[in-house]
Amino acid sequence: MLQTAVIKENRDWVIKALEKKKFRKATELIDEILRLDQERKETQQKMDQAQAEANQLSRQIGEWMKSGEIGKAESEKEKVASLKLEAATMQQQLELVQKQLNEALLTVPNTPCEKVPVGNGPEDNQLMRSYNPEGKILFQPLLPHWDLIKQYDIIDFELGNKITGAGFPVYKGAGARLQRALINFFLDEALKAGYVEIQPPIFVNEASGLGTGQLPDKEGQMYHMTEDRLYAIPTAEVPITNLYRDEILSENQLPIRNVGYTPCFRREAGSWGAHVRGLNRLHQFDKVEIVQITKPENSYQTLEEMVNYVAGLMEQLELTFRVIKLCGGDMGFTSALTYDFEAYAPGQKLWLEVSSVSNFEAYQANRLKLRYRTADKKTILLHTLNGSALALPRIVAALLETNQQKDHILVPKVLHPYTGFETINLGK
RNA sequence: GGAGAGAUGCCUGAGUGGCCGAAAGGAGCAGUUUGCUAAACUGUCGUACGGGCAACCGUACCGGGGGUUCGAAUCCCCCUCUCUCCGCCA
């Protein structure tokens with residue numbers, strides 16, 4: 001969440017920034033936050049003062065008791081009681097105000113950075129770069145991947161339906177091996193790039209969900225195990241970033257560069273429609289995620305590095321893709337700047353989002369209480385960043401559709417050492 | 001699942017009602033010193049909020065919540081977690 005100090009010092013700027021994100025009622029809410037913060041401060045002052053007096057008097061009473069002035073001690077006890085009562089009343093008020101302040105802050109999204117283009121939705125996003133592998137001749141007629149996976153019998157939705165439900169596909173034979181190949185390829189590449197591999201739990205507690213901002217914003221989008229009060233992670237970002245919750249890192253630990261493969265779970269409540277056939281949208285999918293934690297002054301340079309890294313993966317997979325910068329109206333709640341990667345799926349003539357690389361600045365760090373200590377012993381909030389590198393299903397969709405031939409599907413060269421085969425063939 | 005023990009600062013660990021935000025040691029940081037690796041010595045060393053230009057001051061925090069008391073890390077109750085033993089088990 002935003003820091004109240006930042007809001008206080010830059011009220012007008014914050015409101016303007018929030019309006020860029022198409023956040024309604026920014027002015028009202030920000031002013032309410034400032035009012036609550038002021039009330040919080042005043043209440044605390046009153047409480048502290050009552051406490052201070054009570055503490056002092058209690059100490060005095062102790063000394064009187066020791067020196068035998070019992071009468072004096074007894075007569076002042078009541079005074080302490082009334083001071084304590086006053087302090088307790090103030091504390092109740094303080095807790096109430098703090099709760100209100102916190103709730104208000106939780107509903108405010110992150111402010112977009114200056115580089116974010118103004119806009120309402122996808123149509124206003126900015127194309128940053130595109131890539132089209134040379135010399136690639138697409139086989140005609142092109143089929144969408146949902147026909148190909150049936151034809152080659154590599155991914156089975158009906159079976160998943162039987163054992164779990166819609167959106168939980170079963171990968172079989174070459175399909176399963178392709179999944180494993182991609183995961184290993186992505187992890188190995190990240191290792192080469194200097195990321196440290198993490199294998200986190202795939203269920204997290206409520207504090208973790210709050211830490212990275214999925215709660216309360218995306219409450220209904222996560223699978224929730226009410227019995228044990230755990231959430232199935234929607235992305236490895238949640239457990240990996242939360243590793244550093246409530247930490248004060250030393251400067252020499254920075255930057256943190258982690259990579260993790262996990263399955264990801266999304267309820268996708270209310271978002272099923274015409275364009276979500278086949279692998280385009282699933283309840284469970286695999287993803288390799290990169291996470292970085294940097295000093296504030298380095299985060300935007302790091303974001304560019306991460307974008308370049310993901311672009312490198314896409315090029316190695318020989319996929320047609322484009323990178324777009326999201327406009328204010330299309331960005332996520334917690335992000336300050338996001339680049340989306342879209343792979344072209346020629347069989348369905350669609351661009352599919354395969355990666356989202358974001359800088360959250362101090363927004364997550366403030367919730368996480370993730371800081372570092374400077375040389376002069378100050379604690380400063382860090383910046384968190386993450387990106388998919390990469391999410392599998394749509395990559396698979398694009399790969400299958402791009403590389404389909406008359407009676408086989410080509411596997412990109414970089415994956416051959418991982419798959420152990422160069423083509424996916426019919427009838428096997 | 002059953003029985004017992006425990007939870008204190010970055011770590012180890014002392015502290016059973018006021019002088020405890022907390023001993024001591026280690027690690028870390030800064031400095032001094034010796035010819036390197038290293039050692040010795042000195043100092044420093046929690047977080048948050050509030051006040052102050054600042055030095056500094058106030059308040060809270062010894063797993064979490066509640067209670068007793070003029071006063072709680074310390075006594076009482078509840079919860080959570082960890083460890084040990086037994087059972088079960090990939």
Side-chain angles (χ1 to χ4, degrees), chain A residues 1-9 33-106 199 201-211 225-231 239 242-254 256 263 293 295 362 364-382:
Chain A
M1 60 189 136
L2 297 177
Q3 299 157 261
T4 43
V6 171
I7 297 176
K8 212 185 298 182
E9 282 161 36
I33 284 168
L34 291 174
R35 188 189 67 71
L36 285 168
D37 188 53
Q38 185 61 28
E39 194 182 332
R40 187 201 103 250
K41 200 190 282 188
E42 285 163 11
T43 312
Q44 195 194 327
Q45 278 169 15
K46 285 183 206 158
M47 183 185 82
D48 282 358
Q49 204 190 331
Q51 273 293 355
E53 282 175 39
N55 286 346
Q56 206 183 351
L57 198 51
S58 288
R59 240 170 277 144
Q60 183 68 57
I61 288 172
E63 279 170 40
W64 281 328
M65 303 270 261
K66 241 180 242 171
S67 64
E69 296 169 82
I70 309 292
K72 242 180 181 174
E74 287 301 327
S75 68
E76 290 298 316
K77 281 187 184 178
E78 235 173 86
K79 182 87 183 290
V80 175
S82 80
L83 282 169
K84 293 268 289 186
L85 187 68
E86 193 191 331
T89 311
M90 286 299 128
Q91 196 186 344
Q92 271 181 8
Q93 236 183 78
L94 182 65
E95 274 164 16
L96 184 71
V97 174
Q98 247 160 0
K99 197 175 155 229
Q100 290 172 340
L101 178 60
N102 204 261
E103 276 165 10
L105 281 168
L106 285 177
Q199 210 176 94
I202 58 174
F203 299 151
V204 294
N205 55 29
E206 190 184 8
S208 295
L210 283 167
M225 280 146 275
T226 50
E227 181 102 31
D228 297 295
R229 292 185 299 156
L230 295 174
Y231 293 86
N242 272 283
L243 295 175
Y244 306 96
R245 171 153 49 86
D246 290 321
E247 296 285 339
I248 300 176
L249 303 174
S250 61
E251 210 164 343
N252 61 24
Q253 289 176 274
L254 297 167
I256 301 270
I293 298 169
K295 292 198 247 176
Q364 288 183 330
N366 191 33
R367 287 196 188 186
L368 292 160
K369 295 197 180 61
L370 166 54
R371 295 149 293 171
Y372 82 104
R373 202 183 304 279
T374 61
D376 55 341
K377 315 246 181 210
K378 283 206 178 89
T379 56
I380 308 270
L381 287 175
L382 288 160

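Below, chains carry the letters A, B, ... as their sequence lines are ordered, and counting in each starts from 1. Only heavy atoms go into these numbers, but all of them, side chains included; no hydrogens, no water, no symmetry mates.
Salt bridge annotation for A:E63-A:K66: absent, with no cationic side-chain nitrogen under 4.0 angstrom from a carboxylate oxygen. Looking at A:K46 and A:E42, no side-chain N of the basic residue comes within less than 4.0 Å of a carboxylate O on the acidic one, giving no salt bridge.
Taking every side-chain heavy atom of A:S58 into account, B:G71 is the closest of B:U59, B:G71, B:U47. Between B:U59, B:G50, B:U47, one nucleotide has an atom nearer to the side chain of A:T379 than all others, and that is B:U47. The side chain of A:R59 lies closest to B:U59 when the candidates are B:U47, B:C29, B:U59. Which of B:C70, B:G50, B:G28 sits closest to the side chain of A:Q45 comes down to B:G50.
Note: CD (A:E247) to P (B:G9) measures 13 Å, nearest angstrom. For the pair A:E86 CD and B:U59 P, the interatomic distance rounds to 15 Å; values are reported in whole Å. The distance from atom NZ of A:K77 to atom P of B:G18 is 16 Å, rounded to the nearest whole Å. One atom, NZ of A:K378, and another, P of B:A54, lie 10 Å apart when rounded to the nearest Å. Distance A:D37 CG to B:G50 C1': 11 Å, rounded to the nearest Å. Atom-to-atom, CD of A:E95 to C1' of B:A48 comes out at 15 Å; the value is rounded to the nearest Å. Per the geometry, NZ belonging to A:K8 stands 10 Å off C1' belonging to B:G50, to the nearest Å. One atom, CD1 of A:I61, and another, C1' of B:U69, lie 11 Å apart when rounded to the nearest Å.
Between A:K84 and A:N252, the residue whose closest nucleotide on RNA chain B is further toward the 5' end is A:N252. When each of A:R373 and A:K41 is assigned the nucleotide of RNA chain B with its nearest heavy atom, A:R373 is the one assigned upstream, toward the 5' end.
Separating the CG atom in A:L36 from the CD atom in A:Q98 is a distance of 11.0 Å, to the nearest 0.5 Å. Atom NZ in A:K99 sits 10.5 Å away from atom CD in A:E95 (nearest 0.5 Å). Between A:Q364 atom CD and A:N242 atom CG the span is 8.5 Å, to the nearest 0.5 Å.
Note on A:R229: nothing from the nucleic acid sits closer than 4.0 angstrom, heavy atoms only. Nucleic acid contact class of A:Q44 (heavy atoms, under 4.0 Å, all strands): base. In this structure, A:L57 reaches neither bases nor backbone, as no heavy-atom distance under 4.0 Å exists between it and the strands shown. Contact annotation for A:S250: no contact, since no heavy-atom pair falls under 4.0 Å across all strands.
With both ends at atom P, the span from B:C11 to B:A23 equals 16 Å, rounded to whole Å. Using C1' as the reference atom, B:C53 and B:G46 are 26 Å apart when rounded to the nearest Å. Across the P atoms, B:A5 and B:C78 are found 14 Å apart, a figure rounded to whole Å. Spacing of C1' atoms, B:C76 relative to B:G17, comes out at 14 Å, to the nearest Å.
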What verdict does the side chain to side chain contact (heavy atoms under 4.5 Å, CB included) test give for A:N366 and A:L2, after you've listed the backbone C-alpha separation in whole Å, the side-chain angles of each residue and the deciding distance to 0.1 Å? CA-CA 7 Å; A:N366 191 33; A:L2 297 177; 5.8 Å; no
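Pairing for B:U80 goes to B:A7, judged as Watson-Crick or G-U wobble with the two contacts each under 3.5 Å. Here B:A55 sits opposite no nucleotide as a Watson-Crick or G-U wobble pair (both hydrogen-bonding atom distances under 3.5 Å).
Side chain A:E76 to base B:C70: no donor-acceptor pair is found below 3.5 Å. Between the base of B:G58 and the side chain of A:D48 there is a donor-acceptor pair shorter than 3.5 Å.
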